[in-house]
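Along the sequence shown, the residues carry numbers beginning at 1.
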Amino acid sequence: MLFKSKGVLKYGGNHSLRLLCDQELADFYRYLIPKTYSVQRGRWPAHITVVREVNGEEIDKPTDFTAWMKHEGEEIEFHYENIVRQGKIYFWLNIFCVRLEEIRSELGHPITSRYTIPPEGFTKCFHMTLGNTKI
């Protein structure tokens, strides 16, 4: 079952692009994680990464800059699963959004992933990090 929410698109330095989301959504789902995991809130406010950088390194540097900053401030609706996913360190929600797929495509980025299989009607699985167990 998928639920809906909205966020606002924000471009950043080093060619990062995030959809800023309702912090209460991330806080609610982080609250549901059993306390035995000692999960802490992430460094950044709730968001969905569309184009990312890691430690200042441009991972997803756009190949087509004609659309860069084109959608600044756009409000975008997305779908999310209400299942908290867990890795070795991170907890997250799977996110699906055709509009974010379109924006990634405009920037010359692939919208498929070998790691995730989204539900019918979507090509890419995004995520919203809820927290981590880093010390």
Side-chain angles (χ1 to χ4, degrees):
M1 178 179 231
L2 296 178
F3 295 85
K4 292 181 184 179
S5 189
K6 293 179 182 177
V8 176
L9 210 54
K10 180 72 176 166
Y11 293 80
N14 291 335
H15 305 108
S16 64
L17 177 57
R18 294 178 178 88
L19 187 69
L20 304 181
C21 304
D22 182 355
Q23 185 63 49
E24 289 183 7
L25 178 65
D27 291 346
F28 173 77
Y29 283 100
R30 188 175 50 261
Y31 177 78
L32 298 178
I33 299 168
K35 303 303 177 229
T36 55
Y37 287 105
S38 299
V39 176
Q40 59 189 352
R41 186 175 174 173
R43 183 178 358 167
W44 309 108
H47 69 279
I48 299 162
T49 301
V50 183
V51 177
R52 69 187 179 121
E53 63 168 285
V54 176
N55 297 326
E57 181 182 340
E58 297 174 18
I59 302 298
D60 282 340
K61 187 174 181 178
T63 59
D64 183 353
F65 285 95
T66 58
W68 191 251
M69 298 293 291
K70 180 178 175 182
H71 306 289
E72 175 73 23
E74 181 178 329
E75 185 176 80
I76 297 175
E77 183 176 86
F78 62 89
H79 295 82
Y80 67 93
E81 292 178 328
N82 65 340
I83 300 167
V84 175
R85 305 291 178 167
Q86 174 185 359
K88 289 182 180 179
I89 297 173
Y90 295 97
F91 291 80
W92 70 91
L93 295 177
N94 283 339
I95 306 292
F96 309 100
C97 180
V98 172
R99 182 68 183 125
L100 295 181
E101 293 173 9
E102 293 168 351
I103 292 169
R104 271 187 66 85
S105 184
E106 282 182 359
L107 296 170
H109 289 301
I111 56 170
T112 57
S113 170
R114 62 184 177 166
Y115 302 111
T116 57
I117 301 172
E120 188 175 331
F122 301 97
T123 305
K124 181 168 176 55
C125 180
F126 296 91
H127 72 276
M128 178 190 298
T129 302
L130 303 174
N132 63 66
T133 57
K134 292 178 182 178
I135 296 176

May I ask you to test the Ser38-Thr133 pair for a side-chain heavy-atom distance under 4.5 Å? no
NE2 (His109) and CZ (Arg104) are apart, to the nearest 0.5 Å, by 5.5 Å
Do the ring centers of Phe91 and Tyr29 come within less than 6.0 Å of each other? no
Output for pair (Leu32 CG, Asp27 CG), nearest 0.5 Å, gives 11.0 Å
Salt bridge flag under 4.0 Å for residues Glu77 and Arg99
no
NE2 (His71) and CD1 (Ile103) are apart, to the nearest 0.5 Å, by 4.5 Å
Heavy-atom closest pair (Glu106 atom, Ala67 atom, distance to 0.1 Å) is OE1-CB, 3.6 Å
- Is there a path of hydrophobic side-chain contacts, each under 4.5 Å between heavy atoms of I, L, V, M, F, W or Y residues, that connects Met128 with Trp92? no
Tell me whether Lys4 at atom NZ has more than 12 heavy atoms from other residues, nucleotides or ligands lying less than 6.0 Å away. no
Smallest heavy-atom separation, Ser5 atom then Tyr80 atom, equals CB-CE2, 4.0 Å
Heavy atoms of Gly12 and Trp68 approach each other most closely as O-CZ2, 4.1 Å
To the nearest 0.5 Å, atom CE of Met69 lies from atom CG of Leu9 at 9.5 Å
Assess, by modelled atom type and distance only, whether the side chains of His127 and Arg85 contain a donor and an acceptor separated by less than 3.5 Å. no
Between the main-chain N or O of Tyr11 and the side-chain N or O of Glu72, is there a donor-acceptor pair closer than 3.5 Å? yes
Rounding to 0.5 Å, atoms CZ (Phe3) and NE2 (His79) come to a distance of 11.5 Å
Sidechain-backbone polar pair: Glu81 side chain, Asn94 backbone, donor-acceptor under 3.5 Å = no
Assigning hydrophobic clusters by single linkage (Ile, Leu, Val, Met, Phe, Trp, Tyr; side-chain heavy-atom cutoff under 4.5 Å), is Leu25 placed with Ile95? yes
inquiry  = Please determine whether residues Leu130 and Ile83 belong to a single hydrophobic cluster, defined as Ile, Leu, Val, Met, Phe, Trp and Tyr linked transitively by side-chain heavy-atom distances below 4.5 Å.
reply    = no
(Q) Applying a strict under-4.5 Å side-chain criterion to I, L, V, M, F, W and Y, I'd like to know whether Phe28 and Val84 cluster together. (A) yes
Rounded to the nearest 0.5 angstrom, the CD1-CG distance for Ile76 and Leu19 is 5.5 Å
**Q.** Sidechain-backbone polar pair: Gln40 side chain, Lys134 backbone, donor-acceptor under 3.5 Å
**A.** yes
- Report yes if some heavy atom in the side chain of Asn132 is under 4.5 Å from a heavy atom in the side chain of Val39; otherwise report no. no
Could you check whether Glu75 pairs with Lys6 (Lys NZ or Arg NE/NH1/NH2 to Asp/Glu carboxylate O, under 4.0 Å)?
yes
Open item on the list: Counting C-beta onward and ignoring hydrogens, is there a side-chain heavy-atom pair between Phe126 and Thr49 closer than 4.5 Å?
Closed with: no
Please answer: with hydrophobic residues joined when any side-chain heavy atoms are less than 4.5 Å apart, are Phe96 and Leu20 in the same cluster?
no
Tightest non-hydrogen contact, residues Gly131 and Arg30, listed as CA-CD, 4.3 Å
